[in-house]
Amino acid sequence: RGSSRLGRRVFFESEGLGGAAPSPMVFEYDPNRNLFYTAFTYTHTVVELCFQKLEFWALLFVHICAATAYKTGHLTAQSSKHNIFYLPWDLLGILVSLTSFF
């Protein structure tokens, strides 16, 4: 019915695909390649997709700004209950659980 070529299955017209081209998400790979080549491949990975998103760069920018402001002393630890950014430690367990789960 099909043949294995370069690590992925290739389908023929007799399998009902009508000779359609493979999906753009199909990536042919060579299972005989070096482990380091596979580990450090950039193209056709989620890393490549993330780097193309504006949201990734915006969140990275916000994170760098907040980290820099904290390190330089412009943003201090919020331990006073009268501060707008104060968050009790009791609620952080729920917050961490939800962000880790989803």
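Each residue takes its place number in the sequence, starting with 1.
In this structure, Ile64 and Thr68 approach most closely via the heavy-atom pair O-OG1, 2.7 Å. Counting all heavy atoms, side chain and backbone alike, Thr38 lies closest to Arg33 at OG1-CB, 4.3 Å.
Residues passing the side chain to side chain donor-acceptor pair (under 3.5 Å) test with His63: none are found, sequence neighbours excluded. Partners of Phe40 by side chain to side chain contact (heavy atoms under 4.5 Å, CB included), not counting sequence neighbours, listed by chain and number: Phe36. Residues forming a side chain to side chain contact (heavy atoms under 4.5 Å, CB included) with Leu59 (at least two apart in sequence, or on another chain): none.
Leu49 is not listed as a side-chain neighbour of Val47, based on a closest heavy-atom distance of 4.5 Å or more.
Judged by distance alone, with hydrogens and angles left aside, the side-chain atoms of Thr72 form a donor-acceptor pair with the main-chain N or O of Ala69 at under 3.5 Å.
More than 12 heavy atoms of other shown residues, nucleotides or ligands fall within 6.0 angstrom of atom CZ in Phe56.
For the atom pair CZ (Phe51) and OG1 (Thr45), the distance works out to 8.5 Å, reported to the nearest 0.5 Å.
Residues Phe61 and Tyr70 are members of separate hydrophobic clusters, defined by side-chain heavy-atom contacts under 4.5 angstrom among Ile, Leu, Val, Met, Phe, Trp and Tyr.
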